[in-house]
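In what follows, a single structure is set out as structure tokens and then discussed.
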Amino acid sequence: MAIAIDRGYLFRKDNTQLGHIPGGYGMPYIGQTLSLVNDPYPFLKEQYDRFGPISKMRLTGQNMILALGPDLNREITTDSQQLYSNRMGYAGVAGDFFGDGLLMQDFDEHRMQRRIMQTAFKTASLQQHIFHINEITSRHVAGWPADQDFHFYPAIKHVLLEIGARVFVGMTQQGEIEQMNTAYLGMANGLMSIIRKDWPGLLYNRAMNARHVLENILAELIPAKRVGDGTDMMSFFARERKEDGEHFEDSVVVDHIIFMLLGAHDTTTSALTMASYYLARHPEWQERLRAEVFALGKPHLEYEDVSSRLPNLENTFNEILRMHPPVPQLQRRTVRDSMLGGYEIPADTVIALSPLFTHRMSEFWEDPHRFDPDRFAAPRQEQKRHAYQWVPFGGGAHKCIGMHFGGLLFKCAMFEMLRRYRWRLPVGYPETPGIMHFPFAKLKDNLPLQFTPL
Ligand code: HEM
């Protein structure tokens with residue numbers, strides 16, 4: 001049954017009164033931001049051990065509740081009482097960057113827009129996209145330099161940005177792709193800015209300027225997309241009509257595409273980078289995947305291969321998403337007073353969920369800090385102990401709409417890499433390199449690798 005939501009929650013400030021919730025706020029203003037960002041697991045584990053599944057914390061000036069563990073993941077993401085707003089949960093961290101993107105929509109409006117976008121992610125569309133994904137990936141991967149140090153992260157990011165520009169925006173000219181991607185990267189850099197003021201010289205100000213450039217580039221494309229017959233996602237969305245028969249406003253189309261660009265590449269770039277690192281550390285796994293890829297006997301992956309014919313690659317993908325979830329923290333804000341985990345939670349309280357912590361809980365995972373893709377294979381299937389212990393794509397109404405597309409990108413890129421090269425870390429590479437977890441997991445040194453052609 002639909003629940004009537006008073007839209008007043010959109011105009012109220014965050015509730016900051018959390019005196020009755022266990023825990024503390026750390027340093028003035030920044031709170032525990034540095035502990036969480038620099039080394040999240042020990043911080044989260046300490047919160048859990050000292051205070052239990054519900055505690056409070058402060059991140060970049062925002063007081064919030066930290067809700068840990070699979071039961072709370074389920075209760076909050078499935079949101080059977082329509083209590084939790086995404087828009088207000090993410091307003092502080094990402095609102096200015098992804099204003100009206102799908103993730104930022106709430107309740108009925110979200111349901112309507114998601115239904116429209118869903119078609120773009122159905123099998124028939126993905127089957128079309130795989131052609132572009134294979135062409136772009138193999139062109140780039142074939143050109144990587146052999147037997148010398150080469151930084152993997154920027155290289156794979158470049159590949160996925162080009163795929164995003166092709167599949168989401170329909171761009172084919174290198175010049176326009178570069179221009180759009182430069183603006184996108186300028187904007188995305190601002191996601192980690194601590195001082196969110198539009199003052200000249202600040203990172204945030206540069207990011208906002210880049211966002212305006214990106215908005216203009218995309219907005220100029222809309223009139224042609226509305227009347228054309230393009231098969232890219234932007235054309236599709238520009239042609240869609242709302243329930244009142246009108247097209248979506250230009251700004252809504254632009255915001256959806258900007259968020260898609262983020263979804264399309266930052267998350268999967270992270271997964272591919274972390275996977276390439278672990279496969280360099282575990283050459284036995286690299287060989288196992290290579291054997292699986294060659295056993296398929298094809299030069300490129302076809303859509304049908306992706307879901308069922310590469311079980312070891314699938315388990316590796318799952319294991320990487322477990323160890324280093326590209327989206328390490330989800331956020332919501334309560335729209336009414338409610339109860340959670342035995343505590344009264346006032347309206348307008350921000351709540352953070354942590355896939356990163358849940359994925360390392362020893363109650364659910366054997367030796368959770370170890371890279372062990374077989375934990376996902378029969379008969380072990382550790383992920384089945386609780387439906388919400390493995391949540392790299394979230395859950396409920398906002399569960400990642402691009403999860404199959406992300407899997408497709410990951411597998412196509414790995415397929416090309418495994419077929420063409422054997423790779424390793426440079427001599428003397430540190431045993432425990434620095435890993436950055438926010439906003440998306442990656443090696444701090446951008447992962448130098450040496451590729452040897454087969
Ligand atoms: C490994 C790859 C990916 C991971 C780990 C990932 C993770 C996530 C997560 C955790 C959410 C839910 C956030 C929340 O509930 O607060 C989400 C939502 C979303 N993702 Fe992904 N994502 C991935 C790939 C993609 C791709 C490739 C696309 C686009 C093609 C995409 C587009 C979206 C969109 C549009 C939403 C919002 C859905 C909604 O609110 O209804 N994601 N993603």
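Whatever order the structure lists ligands and atoms in, that order sets their numbers, starting from 1.
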Excluding sequence neighbours, so at least two apart, what forms salt bridge (charged side-chain N to carboxylate O under 4.0 Å, His left out) with Glu249? Lys242
Please tabulate protein-ligand N/O pairs under 3.5 Å for ligand 1, atom names and distances to 0.1 Å.
from	atom 1	to	atom 2	distance (Å)
ligand 1	15 (O)	Arg332	NH2	2.8
ligand 1	16 (O)	Tyr90	OH	2.5
ligand 1	16 (O)	Arg332	NH1	2.8
ligand 1	40 (O)	His110	NE2	3.4
ligand 1	40 (O)	His398	ND1	2.6
ligand 1	41 (O)	His110	NE2	2.6
ligand 1	41 (O)	Arg114	NH1	2.7

Is any side-chain N of the basic residue among [X] and [Y] closer than 4.0 Å to the acidic one's carboxylate O?
| X | Y | value |
| --- | --- | --- |
| Arg211 | Asp255 | yes |
| Arg385 | Glu366 | yes |
| Asp348 | Arg336 | no |

Could you verify whether a donor N or O on one side chain and an acceptor N or O on the other, from Asp71 and His386, lie under 3.5 Å apart? yes
Are side-chain N/O atoms of Gln286 and Arg290 paired as donor and acceptor at under 3.5 Å? yes
